[in-house]
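Below is one structure, written out as structure tokens; the observations come after it.
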Amino acid sequence: MLNLDERTTLEVKSSKLTLVLTILLGLFFVPMGVGSIISGVRSGRVTFGLGLGLAMLLLFGLFIFIFAKARKKAVRYFSASGIGLADGSEVPIVNLLRVVDKIALRNGPANRMENGA
């Protein structure tokens, strides 16, 4: 367990890899989706072109939504009072200790293989 005094705060540095990969995914999905819609309309196969293009754009939009929601709930710092989240809220340490107790009770002893089970 972390022993933090009241003044200590551990900042969490997150990787930029997810953001870079999302930008690269957007550089692929958006032009391909728009191009599919335009080529479908021009060739007369409106249903296929619109369907494929909209599916690509909606899939990318869903990914952006999930990514943004995850970044808002990411951990920004650990302190003696709890965990600070990116959206400004804080999870008290009391709630975290209760979760650890429930996990320990649910899973039982840590060394099941050594106990002959």
> So which heavy atom on Thr9 is nearest to which on Ser79, and how close?
Replying inline: OG1-CB, 4.2 Å
> At what distance, to the nearest 0.5 angstrom, does OG of Ser89 lie from CZ of Arg76?
Replying inline: 11.5 Å
> Got a sec, which residues hit salt bridge (Lys or Arg N to Asp or Glu O under 4.0 Å) with Lys73, two or more places apart in sequence or on another chain?
Replying inline: Asp87
> Less than 4.5 Å apart, any side-chain heavy atom of Tyr77 and any of Glu90?
Replying inline: yes
Identify every side-chain donor-acceptor pair in residues 16-40 under 3.5 Å, counting partners at least two apart or on other chains, and give the distances.
unit_1 : atom_1 : unit_2 : atom_2 : d
Thr22  : OG1    : Thr18  : O      : 2.7
Ser36  : OG     : Gly49  : O      : 3.4
Ser39  : OG     : Gly35  : O      : 3.2
Ser39  : OG     : Ser36  : O      : 3.2

>> Please enumerate all residues that pass side chain to side chain contact (heavy atoms under 4.5 Å, CB included) together with Val12, with sequence neighbours excluded.
In response: Val75, Phe78
> Does Ile66 sit in a hydrophobic cluster with other residues, and if so which ones, taking ILVMFWY side chains as linked at heavy-atom separations under 4.5 Å, directly or through other members?
Replying inline: Leu62, Phe65
